[in-house]
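Notes to accompany the following structure.
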Amino acid sequence: MDNISLARLLDETASLLEIDGADIFRIRSYRRAAEAVEQQTTQLATLATPEADPKALLAIAGIGKAMAANIRDLVATGSMPLREELLQKYRPTMLELLRLPGMGPKTVALVWSALQVSNIDELEAAAKAGHLAALPRMGEKFTVKLLKGIEDHRKNSSRFRIDQARDYAEKISQLILAFPGIDQVTPAGSLRRGRETVGDLDLLATGPACEPDVVASAVEHVATLPLIDKLMARGQNKVTFTLRNNLQVDVRLLPRSSYGAALQYFTGSKHHNVALRQRAIKRGMTLSEYALLRLEDNKIIASESEEAIYNALDLDFIPPELRENCGELEAAANHTLPQLITLADLHGDVHMHTSETDGTYTIREMAEAAILRGRRYIAITDHSKNLAMTNGMNDERALAHAARVRQVNQEMEGRIHIFTGIECDILGEGEMDLTDETLAQLDIVIASVHSKFDQPIEVMTARVLRAIENPYVRILAHPTGRKLLRRDPYKIDLEQIFRRASELGVAVEHNAAPARTDLSDSHMRLAKSLGCKIVVNTDAHATDELDHMQHGIVQLRRAWLTSADVINTAPTPEDFLASLRPRP
DNA sequence: GCCGTTTTCGGCCCGACTGTTTTCAGTCG
């Protein structure tokens with residue numbers, strides 16, 4: 001059992017304890033243990049064997065005697081006594097109910113005890129039949145919101161976030177590559193195109209073992225991979241299976257000679273491919289997953305590489321992120337494809353947290369980690385006081401923290417520049433929750449919208465418009481409230497906000513965290529068309545989250561952005577500061 | 001359930017908003 005699975009089981013146990021009404025601190029300790037397990041770099045299964053040093057598990061902060069025993073049970077048997085006991089009392093499907101808006105542990109427990117409702121279908125039926133109205137605090141408004149939430153949940157739950165899909169793709173690729181004679185495995189499909197979520201995983205494998213006459217044994221290898229839950233189909237050169245989490249995986253084993261054509265074909269998108277094939281026909285050729293052929297004599301024009309195929313159709317190579325049939329073919333024909341922004345273009349990351357509020361590491365640790373990742377400047381932007389659960393700072397603490405940031409910045413001796421800053425909460429009327437006197441002393445003031453203020457569109461829009469009027473605000477964070485696969489974003493008039501932000505010179509932030517890419521590619525195109533400054537930040541709460549920049553860049557590329565469109569490509573801290581809204 | 005210490009138990013992230021209440025419980029960040 002790997003760390004991710006261990007963490008998931010511990011976290012689920014915490015949720016079951018919540019439904020059971022257990023002690024809040026006991027629940028929290030299970031959640032903390034799950035987090036700690038997930039963050040470990042060594043596989044705990046190796047530390048949880050009878051032969052291993054029993055102290056090894058206890059050395060992890062958040063794991064004590066009881067939790068270590070739980071982990072040993074999980075590794076040995078796949079479950080543990082407490083979990084089994086709770087599953088006798090409740091149903092595992094009730095965990096899914098917790099993901100619906102407005103459904104917390106108390107409400108889940110209530111519908112179970114009152115109506116024996118234990119899954120989404122039953123809850124929906126009960127809501128539609130009006131059975132919920134009989135229960136306390138569940139009137140008409142609640143029911144309407146719930147049914148909407150169920151609908152949204154169904155729309156999303158069959159898709160997976162791209163970073164999770166990428167992790168699985170990586171894991172499966174390694175297992176496939178273990179077979180002698182397979183020397184390359186490439187993800188195709190929407191994963192390669194950089195969509196935010198993927199429905200299934202397409203993996204293309206090639207190498208000597210994938211030649212038609214010998215491919216059977218390689219197919220056998222793939223069809224018997226240990227992480228397969230259900231084998232769905234198995235053909236001559238194709239294997240389809242699902243994982244335990246229901247993610248469907250298609251693996252195709254292809255000869256080297258047609259690998260480029262296959263990669264092109266399976267990367268899509270469908271619309272891009274249709275347009276590309278039409279172009280081939282106009283030129284007396286035909287394009288398939290095997291090759292680009294000349295029609296008159298079936299001669300292979302190109303098949304080994306994508307570049308060769310595009311070039312043979314008089315096109316520049318089109319990056320996978322642009323293959324949506326949104327003008328990329330015309331641009332490729334006219335040699336006007338943009339030089340898309342790359343990770344190497346990003347020199348700064350100006351939104352991150354430290355242990356002063358809800359981050360895990362110190363100012364210095366974040367700075368050192370940023371240096372390792374090639375950043376030239378960062379900003380420490382911890383939370384303001386209104387976000388109480390994060391231990392948000394009041395004016396006094398914000399200023400003291402900024403003084404420490406300046407101190408550490410001095411000590412870095414130019415290896416990196418650290419800006420002072422704050423992620424400042426927007427209150428109910430759109431005012432900042434710290435004073436202007438405080439904000440005036442900070443380099444980077446980020447105004448942060450929170451989805452807990454889920455208000456009608458006019459109210460949300462007015463609130464944010466008022467917030468960015470504050471002359472010290474330089475960046476607007478979470479403009480859409482999007483949380484991928486979790487909650488509906490709040491309703492807000494982005495066009496109005498972007499237009500005003502553009503006039504004021506306030507930059508809009510694209511959050512690079514894979515769970516929360518605030519701006520989609522189409523949002524970003526809108527921002528660009530209105531002349532907005534765009535900044536991409538990780539919002540890191542731990543050093544490893546600084547790596548999220550590589551997720552964030554993908555949506556920028558899909559929006560056709562170049563380094564000129566994004567302000568944290570500025571090469572020096574001075575240039576970056578100059579690109580921001582001037583302070584009064 | 002973990003941690004730290006005051007070695008045996010008390011502290012552990014808090015405040016605002018919502019729907020429904022008519023004084024608050026539950027959810028959320």
Side-chain angles (χ1 to χ4, degrees), chain A residues 10-11 13-37 57-71 73 80-83 86 97-111 127 132-146 148-149 353 355-360 382-394 397 423-429 431 433 448-456 459-460 463 477-478 481-483 486-490 511 513 515-516 518 539 541:
Chain A
L10 290 173
D11 200 61
T13 305
S15 295
L16 289 167
L17 282 169
E18 267 188 309
I19 293 170
D20 200 40
D23 173 43
I24 179 73
F25 296 109
R26 189 178 177 207
I27 294 164
R28 204 173 283 167
S29 75
Y30 274 85
R31 293 233 188 271
R32 252 213 330 267
E35 276 171 37
V37 167
L57 283 176
L58 294 174
I60 300 167
I63 309 249
K65 261 175 73 180
M67 206 59 74
N70 282 334
I71 290 171
D73 283 338
M80 59 193 208
L82 176 63
R83 182 181 155 79
L86 289 164
L97 293 180
L98 289 171
R99 302 177 66 93
L100 298 172
M103 292 294 291
K106 292 281 157 53
T107 316
V108 170
L110 178 65
V111 297
L132 297 185
L135 302 175
R137 284 178 302 282
M138 298 177 88
E140 192 185 342
K141 264 182 145 172
F142 182 90
T143 306
V144 169
K145 201 168 157 187
L146 181 64
K148 171 79 167 63
H353 299 271
S355 49
E356 178 67 19
T357 60
D358 63 345
T360 323
D382 274 304
H383 291 284
S384 62
K385 64 183 180 202
N386 195 46
L387 230 51
M389 62 111 34
T390 67
N391 187 25
M393 305 178 292
N394 59 19
R397 272 179 63 207
E423 180 178 6
C424 201
D425 233 40
I426 302 174
L427 299 176
E429 298 296 316
E431 69 275 27
D433 78 334
S448 180
V449 199
H450 280 287
S451 50
K452 64 177 176 180
F453 297 117
D454 189 8
Q455 292 282 318
V459 178
M460 288 301 287
R463 177 178 286 165
H478 311 316
R482 274 158 44 102
K483 289 199 172 176
R486 282 197 56 208
R487 292 269 184 279
D488 226 18
Y490 38 72
N511 191 315
R516 187 166 194 170
D518 281 295
D539 191 0
H541 287 67

> Got a second to check how far A:Leu57's CG is from A:Met67's CE, nearest 0.5 Å?
Replying inline: 11.5 Å

> Across all strands shown, which nucleotide pairs with B:dT8 by Watson-Crick or G-U wobble geometry, both distances under 3.5 Å?
Replying inline: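 Pairing partner, where one exists within any strand: none, as none qualifies.
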
> With nearest nucleotides of DNA chain B determined for A:Met138 and A:Arg32 from heavy-atom distances, which residue corresponds to the more 5′ nucleotide?
Replying inline: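 First, find each residue's nearest nucleotide; the 5'-ward one identifies A:Arg32.
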
> If you pin A:Val108 and A:Ile60 to their nearest nucleotides in DNA chain B, which one's is more 5'?
Replying inline: A:Ile60

> Using a cut-off of less than 4.0 Å, is there contact between a side-chain N or O of A:Arg26 and OP1 or OP2 of B:dC2?
Replying inline: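 No, A:Arg26 has no side-chain N/O under 4.0 Å of OP1/OP2 on B:dC2.
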
>> Looking at A:Thr107, I'd like to know whether one of its side-chain N or O atoms comes within less than 4.0 Å of OP1 or OP2 on B:dT27.
In response: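 Looking at the OP1 and OP2 atoms of B:dT27, one of them is under 4.0 Å from a side-chain N or O of A:Thr107.
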
Would you classify [X] as touching base, sugar-phosphate or nothing, given that sugar-phosphate means primed atoms plus P, OP1 and OP2, and contacts are heavy atoms under 4.0 Å?
X	result
A:Met389	base
A:Ala61	sugar-phosphate
A:Pro105	sugar-phosphate
A:Lys385	nothing

> Yes or no on side chain to side chain contact (heavy atoms under 4.5 Å, CB included) for A:Leu146 and A:Leu132, after CA distance, side-chain angles and deciding distance?
Replying inline: CA-CA 11 Å; A:Leu146 181 64; A:Leu132 297 185; 3.7 Å; yes

> Side chains of A:Asn391 and A:His383: donor-acceptor distance under 3.5 Å anywhere?
Replying inline: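 Side-chain D/A pair, A:Asn391 to A:His383: absent.
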
> Just checking, is any N or O donor in the side chain of A:Asp425 or A:Asn386 under 3.5 Å from an acceptor N or O on the other one?
Replying inline: yes

>> Using whole Å, what does the distance between atom C1' of nucleotide B:dC3 and atom CZ of A:Arg31 come to?
In response: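 Roughly 20 Å, once rounded to whole Å.
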
> Between B:dC13, B:dG19, B:dC2, which nucleotide has the shortest distance from any of its atoms to the side chain of A:Met67?
Replying inline: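 Minimum distance to the A:Met67 side chain belongs to B:dC2.
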
